[in-house]
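Side chains included, hydrogens not; waters and symmetry mates left out as well; all remaining heavy atoms used. Indexing begins at 1, ligand by ligand and atom by atom, following the structure's order. Note that this is a predicted model, so its numbers are computed, not measured.
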Amino acid sequence: MNKVRTILTLSFVIAGLGGAMSTFALDSLRGAAIEEMSAQPAKRKIDVVEGGIERTFEQQPPLIPHGIENYALNLRQHGCIKCHSKARAEKENTKPPSDSHFVDRDGNQLGKLSSRRYFCTQCHMVQIKGEPLVENTFQGLE
Ligand code: HEC
Ligand code: HEC
């Protein structure tokens with residue numbers, strides 16, 4: 001009898017917790033509750049911009065003006081370097097990373113890409129054809 005009572009009490013506690021949790025909703029930047037946003041977002045087209053995307057502030061890592069889904073970037077493979085290495089860039093009609101990418105944390109100039117700059121997409125990002133999430137009044141460089 002006691003066992004049954006314990007199980008019953010436990011199930012009420014769990015049901016109660018579940019109920020309390022479902023009334024707890026966070027608002028996102030889009031204004032909708034997060035649960036309502038769990039649907040997969042529409043696929044957006046990558047913005048391909050010939051001639052590159054202008055920088056909007058000094059020292060900005062330039063945005064990537066092309067798709068990158070076909071270029072592996074992991075410990076074994078580095079898809080970006082096939083076109084953006086110093087040796088290949090000119091042939092591929094683009095630029096190699098600037099000198100800042102060849103300096104270690106102690107300021108020494110290296111002969112190879114610094115490990116601090118290995119994962120390009122830490123700083124450089126592709127763009128999609130999308131609407132801004134919120135109003136933005138930032139004014140970039142002319
Ligand atoms: C098949 C060759 C190729 C590969 C691979 C490639 N890129 Fe590019 N990338 C280009 C070309 C060509 C441009 C110049 C596009 C233009 O100006 O129209 C460019 C431009 C860029 C720029 C803009 C540079 C600037 O000064 O505006 C960045 C940043 C960049 N790529 C990053 C990457 C990253 C990160 C990867 C890997 C995930 C990558 N690219 C892979 C060919 C490539
Ligand atoms: C820690 C951030 C960071 C990482 C990681 C990084 N970059 Fe950059 N990149 C920058 C910044 C900041 C600039 C602009 C200022 C400068 O040139 O130092 C830049 C500039 C560039 C440019 C423009 C060069 C020019 O002469 O105008 C290219 C091309 C580039 N990066 C490619 C790459 C590639 C390819 C990788 C990966 C191998 C990479 N970057 C990794 C921050 C980064």
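- In summary, no N, O or S atom of C123 is located under 2.8 Å from atom 8 (Fe) of ligand 2.
- Close approach of ligand 1 to E92 (heavy-atom distance below 4.0 Å) involves ligand atoms 12 (C).
- Counting atoms of ligand 1 from 1 in the listed order, those under 4.0 Å from a heavy atom of P62 are 25 (C), 26 (O), 27 (O), 29 (C).
- For atom 8 (Fe) of ligand 2, the set of nearby N, O or S atoms under 2.8 Å includes one belonging to H101.
- Within ligand 1, the atoms closer than 4.0 Å to a non-hydrogen atom of H124 are 29 (C), numbered from 1 in the order shown.
- Atoms of ligand 1 lying under 4.0 Å from any heavy atom of N93, numbered from 1 in the order shown and given with element: 12 (C).
- The backbone N or O of N74 sits less than 3.5 Å from a side-chain atom of Y118, completing a donor-acceptor pair.
- Between A89 and ligand 2 there is no heavy-atom distance shorter than 4.0 Å.
- Among the backbone and side-chain atoms of H66, an N, O or S atom lies under 2.8 Å from atom 8 (Fe) of ligand 1.
- Under 4.0 angstrom from ligand 2, the non-hydrogen atoms of H78 all belong to its side chain.
- Using a 4.5 Å cut-off on side-chain heavy atoms (C-beta onward), R105 and S114 make no contact.
- Between K82 and ligand 1 there is no heavy-atom distance shorter than 4.0 Å.
- At the shortest separation from atom 18 (O) of ligand 2 among protein heavy atoms lies S100 OG, 2.6 Å.
- Among the heteroatoms counted here (N, O or S) of H84, NE2 is the one nearest to atom 8 (Fe) of ligand 1.
- Nearest to atom 3 (C) of ligand 1 among the protein's heavy atoms is C83 SG, 2.6 Å.
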Walk me through it: do C120 and H84 pass the test side-chain contact (heavy atoms from CB on, under 4.5 Å)? CA-CA 11 Å; C120 319; H84 286 284; over 6 Å; no
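- Remark: minimum distance from atom 13 (C) of ligand 1 to any protein heavy atom is reached at T94 OG1, 3.3 Å.
- Residues I128 and I46 form a side-chain contact, since some pair of their non-hydrogen atoms from C-beta on lies under 4.5 Å apart.
- Those atoms of ligand 1 with a heavy atom of K95 less than 4.0 angstrom away are 25 (C), 26 (O).
- Applying the 4.0 Å criterion to heavy atoms of R55 picks out, from ligand 1, the atoms 26 (O).
- For atom 37 (C) of ligand 1, the nearest non-hydrogen atom of the protein is C80 SG, 1.9 Å.
- You'll find the side chain of E50 stays beyond 4.5 Å of the side chain of P65, heavy atoms only.
- For the residues P96, G79, P61, C120, the heavy atom positioned nearest atom 24 (C) of ligand 2 is part of P96.
- When only non-hydrogen protein atoms are considered, atom 16 (C) of ligand 1 lies nearest to G51 N, 3.3 Å.
- The nearest heavy-atom contact from the protein to atom 15 (C) of ligand 1 is P65 CG, 4.0 Å.
- Taking a cut-off of under 4.0 Å to the non-hydrogen atoms of I68, the atoms of ligand 1 that pass are 38 (C).
- Checking only distances, S98 does come within under 3.5 Å of ligand 2, N or O to N or O.
- When only interatomic distances are considered, the shortest N/O to N/O separation between L63 and ligand 1 does not fall below 3.5 Å.
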